[in-house]
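In what follows, a structure is listed as C-alpha cells, so that the remarks can point back to it.
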Amino acid sequence: LIQKTVRLLAFLLIVLEWTRLGLPSPLRPICDLRVLNHFIKEAQDAEAAMRSCRDRCSLSDSVTVPQTRVDFDVWEKKNAQDQAQEVQSGLWLLQQALSALQSSATNTALHSHIDNSVRNLHSINAVLRSLNIQEYTPPESAAELEETWTVSSAADLLQVYVNFLRGKVRLLLLDAQACQQDVS
C-alpha cells in the first residue's frame, strides 16, 4: 500500500507540474534519483516474484531486450542525444517485452507486478520528458535496433529490466544537462 501511494504521489507530482494552469513553462526536471531507486526496488520485487514461480511464469515466445552492459569508455564518448536514444530504445524494447509477458501470464499475483512495471516505464518516460529529452520514435521492428539480445523467461526479462534501470537509465539521469547544478 505504501509503495502504491509513493508511486501515485510521484506520478501526480509529475502530472500536476506538467499541467500547471496559466504557466507556459515546461515541466520542471525531476533529478532526484530516489524516484529511480523506487522504480528499481519495485522491479527487483517483480524479479523475485518471477523467480519464485518458475514454470508458471514463462513467456510464450522469446522477446528482444536491450543489452544492459555498459562500456564506460564508449558511453562517455557518446553525446547526450545518442545516450538518450539508446536509453529510450531500451525502454521501448522493455515495454514491448513486458506487454508480451502481460498477455501470457496467468498468475494474478504476478499480473500486479507486471502491470506495476509497465506503469513505472511510463513514469520513467515522463521523467525523461521533464528533462527535455527529445521524444523517441520507435522503429518498425525491434530487429532494426542494435545492441539487443533475446530472453525466453519472465525472470530473465525482469533481470534485464532491473539491470537496465540500474545502469543506463541511472547514467543518463546522472548526466542530464537539466540536472546539472550551476556552482558559481
Side-chain angles (χ1 to χ4, degrees), residues 1-20 23 25-51 65-98 112-136 138 147-148 155-184:
L1 182 62
I2 292 173
Q3 289 180 346
K4 286 184 179 183
T5 305
V6 170
R7 185 177 57 254
L8 179 62
L9 179 61
F11 181 73
L12 285 175
L13 286 172
I14 291 168
V15 171
L16 287 173
E17 187 66 31
W18 198 10
T19 60
R20 215 189 278 180
L23 294 176
S25 64
L27 183 62
R28 272 195 9 238
I30 300 168
C31 299
D32 191 343
L33 288 180
R34 288 177 294 185
V35 173
L36 179 61
N37 291 339
H38 176 74
F39 294 147
I40 291 169
K41 171 70 172 103
E42 289 187 349
Q44 289 169 328
D45 293 345
E47 178 189 7
M50 293 298 160
R51 290 215 182 281
V65 293
Q67 286 284 352
T68 58
R69 73 175 182 278
V70 178
D71 180 334
F72 291 100
D73 290 333
V74 172
W75 180 264
E76 289 175 2
K77 290 177 185 172
K78 291 182 180 186
N79 64 40
Q81 186 174 354
D82 290 342
Q83 291 173 349
Q85 184 82 10
E86 185 171 337
V87 167
Q88 288 176 309
S89 66
L91 292 172
W92 179 78
L93 284 171
L94 288 167
Q95 192 166 1
Q96 301 303 307
L98 286 168
S112 67
H113 284 291
I114 299 165
D115 293 343
N116 190 34
S117 295
V118 170
R119 281 191 303 273
N120 287 348
L121 278 175
H122 289 292
S123 295
I124 291 166
N125 281 316
V127 168
L128 295 181
R129 281 193 304 277
S130 82
L131 300 175
N132 297 320
I133 292 175
Q134 185 176 350
E135 193 73 28
Y136 178 69
E147 297 202 30
T148 63
D156 288 347
L157 167 57
L158 271 293
Q159 183 178 30
V160 168
Y161 177 47
V162 168
N163 290 339
F164 193 76
L165 294 180
R166 289 174 53 207
K168 292 181 181 179
V169 174
R170 178 178 297 280
L171 286 172
L172 182 66
L173 294 179
L174 284 171
D175 293 337
Q177 186 65 38
C179 295
Q180 300 304 311
Q181 299 285 332
D182 285 318
V183 181
S184 307

Open item on the list: Taking salt bridge (charged side-chain N to carboxylate O under 4.0 Å, His left out) as the definition, give me every residue that meets it alongside D82, ordered by chain and number, with sequence neighbours left out.
Closed with: none

Just wondering, do [Y] and [X] contact through their side chains at under 4.5 Å, heavy atoms?
X	Y	result
L173	L33	yes
V169	L91	yes
V65	L93	no
K168	N163	no
R129	I133	no
L157	L94	yes
Q96	W92	yes

To the nearest 0.5 Å, what is the distance between [atom1] ([X]) and [atom2] ([Y])?
X	Y	atom1	atom2	answer
I114	R119	CD1	CZ	11.5 Å
D45	S112	CG	OG	10.5 Å
S130	N125	OG	CG	11.0 Å
I40	I124	CD1	CD1	8.0 Å
M50	Y161	CE	OH	11.5 Å

Between [X] and [Y], what is the shortest heavy-atom contact and its length?
X	Y	result
L128	V87	CD1-CG1, 4.3 Å
D32	R34	OD2-NH2, 2.5 Å
G90	F164	CA-CZ, 3.6 Å
L158	S117	CD1-OG, 4.1 Å

Listed by chain and number, what are the side chain to side chain contact (heavy atoms under 4.5 Å, CB included) partners of [X], not counting sequence neighbours?
X	value
Q67	R69, E147, W149
Q81	N79, Q134
L171	V70, F72, W75

Task: For D156, all residues meeting side chain to side chain donor-acceptor pair (under 3.5 Å), sequence neighbours excluded - done: S153

Task: More than 12 heavy atoms of other groups within 6.0 Å of R170 CZ - done: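 Result for CZ/R170: enclosed.
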
Task: Any donor-acceptor N or O pair under 3.5 Å, side chains N120, E42 - done: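 Yes, a side-chain donor-acceptor pair sits under 3.5 Å.
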
Open item on the list: Is it true that H113 and E47 share a donor-acceptor pair across their side chains at a distance under 3.5 Å?
Closed with: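 No pair is found: no donor N or O on one side chain lies under 3.5 Å from an acceptor on the other.
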
- [ ] Any salt bridge (charged side-chain N to carboxylate O under 4.0 Å, His left out) involving residues 70-81? Give me the pairs, sequence neighbours left out, ordered by first then second residue.
- [x] K78-E86

- [ ] Begin from the C-alpha positions of Q159 and R51 and carry the test side-chain contact (heavy atoms from CB on, under 4.5 Å) through to its verdict.
- [x] CA-CA 10 Å; Q159 183 178 30; R51 290 215 182 281; 3.3 Å; yes

